[in-house]
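All of these numbers come straight from a predicted model, not from anything done at the bench.
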Amino acid sequence: MWPGKTRKGIVLAAAIGVLVGIGLLTVFLAVGSASSSKRELVRAASATPAPQEPSAASAATDSPSPTPTPTPTTYSHFGLLDGVEMTEEEWDARKDLLPLAVMFDNSDQAFPHSGLGSADVIYEAFVEGGITRLMAVYWRRNADYLEPIRSARTPFVVWAAELGALFAHAGGPNTDDDADAIGQIARWGVRDLNAFGPIADEYYRDPDREGPHDLATSTAALREGGVRMGFAGPPTVESWLFRDSSTAPLAGVAAEGIEIDFGERRSQWQLMQYRWDQSTRTYSRHQYGVQHLDGRTREPLRFTTVIALRAPFVVVDDEGHVVVDQIGSGKATVFSDGLAVDAIWKKPGRDARTRFFDANGAEIQFARGPIFIEVIGPASSVLVKARADDLPDLPPYVAPPPFVPTPEPEETITTTPTPGPTSAATQSVTPPVPTKTLPTGTAVPPPTTTATPPSTPVPPPTGTVAQP
């Protein structure tokens, strides 16, 4: 019996095991399915919903307006003389104006100058007596005060002619030699704004200065005089080449300090310095022991480019008048961006524009901004320092005795302008004093010092000097 019972027990146990296994499998599958459903729900809750296309109405009311991108200012017009960018309005206001060249005194009695800071280009050269004179040229900007105005000299007449400029001056030499500035103005067809001529009333005497360093005017008055004389534009001058600020500067040696000594004696009236200012990217001018400031605005004179142009000269008469050999070519140094570049100047004819070329013969592209041209002789010296602070100190400024205006007696005051001379006048002739109302303001006196006054200036050497 035991074997039969055993088989039945085994079968029964096997059946029970199968049923238990099926039950456990069912439970496992159910739990797994529930866990999987839970995980899917968690993922669905944490997922980022897909973006929906906004309706036209919601786009119009809910979406922020895009911020417009500023349009950079572009320039299609540039200053004829200094290459500075000009707006359409600025160009329209000046495109038909002629350049205006104005003669300035540069002796120690001439300090301070007014109006030089508004010039596009300034020329400086020897005249006579070992002193220099300035010619400032205006086109892009105006100046309310120009003083002290002095007489013309032949080298400046040549530069005014090449610019096709109105030429403002107070007389000049009328001689039978090559220094005949007055005769040359007439023969060469220079647009003459002589203070001793028909537009004398566009000039006036500054009562706060001593003559002959007291003659003054403005760019507006001179342009009015030009209109009265029938001088009209448009300008014909051919511009130099200029480069944009994004263009690499000229390749040169470091030159943040420049000293130009016209006479190699470091005399105060023949010595100028220029110091590079990285913040303004300009050279500030220094003369007579101080930084050169405008007499009215007290702003320093700054120039983007300084050029030292070497040219031979000759003293042609007993008066010491200097004539520069400025036709042809010669050596020059161009200072810009705190660097010095060797150059060659060329002027093939009297009416041709003086231009500057690098060692490879390519015309130099100047940085945009005002330019100062120092025209020096072969005996003059140019000292260049990598750092401006390494320049030697300038000789102290020796001021002339202070000028104390003396009022005229009331009975001698005239109410009408005194007629000017009928013949060409030299610098020793005093222009008439017009009756027009003088501008307000008092000229700022130059700094004073207790230094010993200098000796009488020594004139430059006579005779033709060989070109180096």
Side-chain angles (χ1 to χ4, degrees), residues 80-81 94 96-105 113-116 118-123 127 133-174 180-206 212-237 351 417-427 429-434 436 438-439:
L80 293 179
L81 303 178
R94 310 199 73 77
D96 292 325
L97 296 180
L98 296 168
L100 173 61
V102 184
M103 291 298 304
F104 282 82
D105 190 356
H113 302 97
S114 293
L116 293 180
S118 297
D120 298 346
V121 180
I122 300 178
Y123 297 80
V127 283
R133 194 153 291 182
L134 308 171
M135 185 180 80
V137 189
Y138 304 82
W139 185 80
R140 191 175 56 84
R141 295 179 291 179
N142 297 318
D144 293 334
Y145 296 94
L146 302 173
E147 66 177 329
I149 310 300
R150 289 302 297 272
S151 52
R153 293 294 183 271
T154 292
F156 301 99
V157 177
V158 174
W159 289 314
E162 79 171 53
L163 298 173
L166 302 169
F167 187 42
H169 60 101
N174 195 182
D180 181 25
I182 294 299
Q184 292 157 349
I185 290 171
R187 291 193 299 272
W188 299 344
V190 177
R191 298 174 174 92
D192 193 16
L193 299 182
N194 192 346
F196 297 177
I199 63 162
D201 59 350
E202 300 298 347
Y203 297 82
Y204 63 91
R205 292 288 179 183
D206 185 340
H213 318 285
D214 58 348
L215 190 62
T217 184
S218 67
T219 55
L222 292 174
R223 291 198 177 281
E224 290 176 8
V227 171
R228 287 166 48 197
M229 295 292 293
F231 301 140
T236 58
V237 60
D351 294 331
T418 303
T422 57
S423 61
T426 64
Q427 71 174 85
V429 180
T430 302
V433 180
K436 65 195 299 184
L438 304 186

Are [X] and [Y] packed together at the side-chain level, in the sense that at least one heavy-atom pair is separated by less than 4.5 angstrom?
{"X": "S151", "Y": "H169", "result": "no"}
{"X": "E147", "Y": "D214", "result": "no"}
{"X": "L166", "Y": "P99", "result": "no"}
{"X": "W139", "Y": "L97", "result": "yes"}
{"X": "D180", "Y": "P173", "result": "no"}
{"X": "R205", "Y": "L215", "result": "yes"}

Enter the distance from [X]:[atom1] to [Y]:[atom2] here, rounded to the nearest 0.5 Å.
{"X": "D105", "Y": "I149", "atom1": "CG", "atom2": "CD1", "value": "9.5 Å"}
{"X": "R133", "Y": "R150", "atom1": "CZ", "atom2": "CZ", "value": "4.5 Å"}
{"X": "N194", "Y": "Y203", "atom1": "CG", "atom2": "OH", "value": "7.0 Å"}

Going by the angle between their ring planes, with limits at 30° and 60°, are F104 and H113 parallel, tilted or perpendicular?
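Geometry flag for H113 against F104: perpendicular rings.
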When you measure from the side chain of D120 to the backbone N and O of V137, does any donor-acceptor pair fall under 3.5 Å?
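Side chain of D120 to backbone of V137: no pair is present.
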Does Y138 reach the main-chain N or O of V102 with its side chain, forming a donor-acceptor pair under 3.5 Å?
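Checked: no pair found.
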Salt bridge (charged side-chain N to carboxylate O under 4.0 Å, His left out) partners of residues 154-169, not counting sequence neighbours, each pair once
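Applying salt bridge (charged side-chain N to carboxylate O under 4.0 Å, His left out) to every pair that reaches into residues 154-169, excluding sequence neighbours, yields E162-K347, E162-R353.
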